[in-house]
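Numbers restart at 1 for each chain; the letters A, B, ... are given by sequence-line order, proteins then strands. Keep in mind that the numbers below use all heavy atoms, side chains included, and drop hydrogens, waters and symmetry copies.
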2 protein chains.
Amino acid sequence: MATLADVARRSGVSVMTASRVLSGRGPASASARDAVTQAADELGYVPNAVARGLRNSRTGTVALVISDIQNSFYSAVAKAAEKGLGAHGLNLTIASSNEDAQRERDILQAIQAMRADALLITPTEHNGDHLQRLAQHGLPIVQLDRSVPGSDIRRVLLDNAGAAWRAVTHLTEHGHRRIALVGGPERITTGAERASGARNAARQAGAELLVAEAASYLHEGTRPAVEEAIDWGPTALIAGNNIVLETCMDVLLERGIDVPTALSLVAFDDLPWLRWTPAPITALRQPIAQMTTAAVSMLFTDPDSDGVERRFPAELVERASVRRITTAS
Amino acid sequence: MATLADVARRSGVSVMTASRVLSGRGPASASARDAVTQAADELGYVPNAVARGLRNSRTGTVALVISDIQNSFYSAVAKAAEKGLGAHGLNLTIASSNEDAQRERDILQAIQAMRADALLITPTEHNGDHLQRLAQHGLPIVQLDRSVPGSDIRRVLLDNAGAAWRAVTHLTEHGHRRIALVGGPERITTGAERASGARNAARQAGAELLVAEAASYLHEGTRPAVEEAIDWGPTALIAGNNIVLETCMDVLLERGIDVPTALSLVAFDDLPWLRWTPAPITALRQPIAQMTTAAVSMLFTDPDSDGVERRFPAELVERASVRRITTAS
DNA sequence: CTGAAAGCGCTTACAG
DNA sequence: CTGAAAGCGCTTACAG
């Protein structure tokens with residue numbers, strides 16, 4: 001593959017001049033300019049970003065570490081991140097931790113090795129120390145969706161408590177008095193905050209609330225909690241995220257429980273298919289694109305001037321999965 | 001950030017020896033080994049992959065270029081690719097072309113600049129020449145899912161014609177005689193091959209077939225074709241991929257057309273939510289993980305010894321969206 | 001406006 | 001077993 005030296009030789013100038021012309025920084029005579037661009041063209045010269053990265057200690061690459069690339073929430077994040085970064089002329093490297101602490105550690109190490117310029121991460125709860133160390137080395141880091149407990153690493157999050165509060169309140173306003181939330185693990189901020197928001201709302205409304213805690217945000221970890229919640233006999237069920245929702249759908253189908261006649265349902269995360277179930281599903285929509293864009297721009301912003309945390313509200317999209325209950329009183 | 005020189009200095013050996021110890025290649029005395037590993041540990045030394053990449057002209061990175069990261073088909077590809085590559089100790093960089101020729105060109109150039117070791121791509125039909133040039137420069141390339149027409153770049157594809165044949169035959173066996181396929185653009189191999197397989201099957205069975213060609217595999221491009229197909233008044237509809245299917249669901253819902261009483265439906269690509277619609281949807285399941293794994297291993301295999309193309313069959317998953325039609329005869 | 005030199009951090013032959 | 005030298009391809013001061 002052609003190098004800068006090849007271009008210089010062919011155009012009869014020094015490597016230096018060729019570099020200046022092609023990078024567009026520094027002066028160059030018109031004739032040098034012409035000769036170099038022509039030679040570069042003829043040779044199909046493409047600058048070596050690796051060499052450039054070594055020299056400049058800037059690689060032009062941002063790493064995105066997500067929990068599960070197949071989860072549509074995170075692929076929406078990936079899409080928005082790619083778009084936002086592309087606007088900055090940056091490349092995106094994506095890796096998926098699969099909620100696994102060891103794997104996340106390996107990824108973090110690889111990112112450090114490849115000298116990424118910045119890191120966007122939806123962290124597991126396990127590697128806060130590692131993250132902190134990277135931040136101290138000067139790597140700009142922004143957490144998205146979730147945050148490692150007790151660190152000062154910047155983050156862009158949903159107003160989880162507010163969203164859960166809204167879901168429960170929506171249900172109590174429809175007359176529900178026995179509500180189950182299948183949430184994520186409370187070790188994870190989303191799980192903890194959603195549970196606490198739901199508890200507040202239930203208390204305020206004087207309704208009963210069961211929080212069934214899934215072992216993980218992966219499918220396998222989710223079923224016992226869903227079954228526990230349904231066995232408890234609620235009139236309404238809140239699926240704490242889209243993975244939990246899928247498990248709920250399976251269990252409801254298996255047991256022949258009809259929504260909303262036998263059970264009302266509210267989902268965290270909005271997806272196209274929620275419109276196509278027998279009773280279209282009411283959902284809390286997260287502003288994923290905006291959150292991701294905010295996280296990307298936070299990456300390039302002064303940590304001290306811009307605050308450590310931003311929260312975004314969810315929007316309740318009402319469809320047909322919540323029944324109004326009228327109590328004889 | 002600590003460099004090899006720092007480690008060498010701290011452990012009282014030369015850079016050379018430190019390199020040998022840490023890379024595990026070449027001899028080293030036990031004492032040197034101990035001193036170096038300890039120093040590396042204390043300094044939190046992480047080798048600079050950029051420098052290593054420049055020196056070795058191998059970056060340990062494989063690029064994956066997909067058409068749309070939010071399309072669950074491609075995010076399944078991304079997941080499988082990451083897993084397969086991880087086993088080889090390689091990093092994965094993902095970029096999404098969004099079916100845009102110019103964007104794909106930019107991505108290809110960036111990949112060349114960053115000196116990726118190999119490329120996995122679900123190509124648009126536009127940049128075959130560019131791909132060919134990269135291949136001639138010695139970059140291992142494997143096309144997945146789709147292939148650029150008229151090139152000898154290796155590829156792993158679905159048996160599209162066979163799968164479409166199977167879908168149509170399934171319908172004719174259920175008595176359908178007027179079938180519409182909403183396919184992708186026939187410029188794209190998947191679109192062309194699925195259309196041709198469907199035509200063969202219809203001809204064999206003596207059934208009428210309308211192929212409505214979507215302008216693109218993006219949502220926007222898909223609606224006119226879906227409406228054309230439904231307006232034609234078929235008894236059965238085949239959605240040529242998962243994006244088309246989503247549009248079909250929207251249009252059917254808007255028009256109040258019931259599946260399968262008013263219209264039977266078969267989908268390309270299987271997804272969890274197909275089980276949860278009022279009539280669970282019969283689908284052709286692609287072996288995405290196997291195809292991706294095959295593509296990954298093809299990347300590291302001798303081009304001359306292993307053939308240029310591999311095809312995988314789809315599996316028909318029968319559910320409840322196809323009605324049996326009994327004709328008065 | 002242009003070029004020779006030095007160096008980013010690593011590893012591959014080559015001597016000792 | 002160990003080290004001094006050279007070089008991967010680029011760019012940043014520094015002279016001319």
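Contacts of A:V50 with the nucleic acid, taken as non-hydrogen atoms under 4.0 Å apart, are absent. Within the 4.0 angstrom heavy-atom criterion, only backbone atoms of the sugar-phosphate kind lie near A:T3; the bases stay farther away. Among the heavy atoms of the strands lying under 4.0 Å from A:S29 are primed sugar atoms or P, OP1, OP2 only; no base atom is included.
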Show me the side-chain donor-acceptor pairs of residues 39-47 of chain A shorter than 3.5 Å, one per line, residues at least two apart or across chains.
unit_1	atom_1	unit_2	atom_2	d
A:E42	OE1	A:R10	NE	2.6
A:E42	OE1	A:R10	NH2	2.9
A:E42	OE2	A:Q38	NE2	2.8

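Of the residues near DNA chain C, A:T17 and A:N56, the one whose nearest nucleotide (by heavy atom distance) lies more toward the 5' end is A:T17. Taking for each of B:M16 and A:R55 the nucleotide of DNA chain D with the nearest heavy atom, the 5'-most of the two is the partner of B:M16.
Environment of CZ in B:R133: crowded, with over 12 heavy atoms of neighbouring residues, nucleotides or ligands closer than 6.0 Å.
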Q.
Both atom distances under 3.5 Å, Watson-Crick or G-U wobble: I'd like the secondary structure of DNA chain C as a dot-bracket string, with | for pairs made across strands.
A. |||.||||||||.|||

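The backbone N or O of A:V15 sits nowhere less than 3.5 Å from a side-chain atom of A:S19 that would complete a donor-acceptor pair. Between the B:T301 side chain and the B:M298 main chain, no donor and acceptor come within less than 3.5 Å of each other.
Judged as a side-chain contact (heavy atoms from CB on, under 4.5 Å), and not counting sequence neighbours, the contacts of B:T189 are B:R146, B:S147, B:E193. Partners of A:H88 by ring pair (Phe, Tyr, Trp, His ring centres under 6.0 Å), not counting sequence neighbours, listed by chain and number: A:F300.
Every pair passing side-chain hydrogen bond (donor to acceptor under 3.5 Å, both in side chains) that includes a residue from residues 101-110 of chain A is listed here, sequence neighbours excluded: A:Q102-A:R105, A:Q102-A:D106, A:R103-B:E82, A:E104-A:T124, A:E104-A:N127, A:R105-A:N127.
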**Q.** Derivation of the side chain to side chain contact (heavy atoms under 4.5 Å, CB included) call for B:N91 and A:T93
**A.** CA-CA 9 Å; B:N91 286 112; A:T93 289; 5.8 Å; no

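Close approach of DNA chain C to chain A, defined as any atom under 4.0 Å from a non-hydrogen atom of the protein, starts and stops at C:dC1 to C:dG9.
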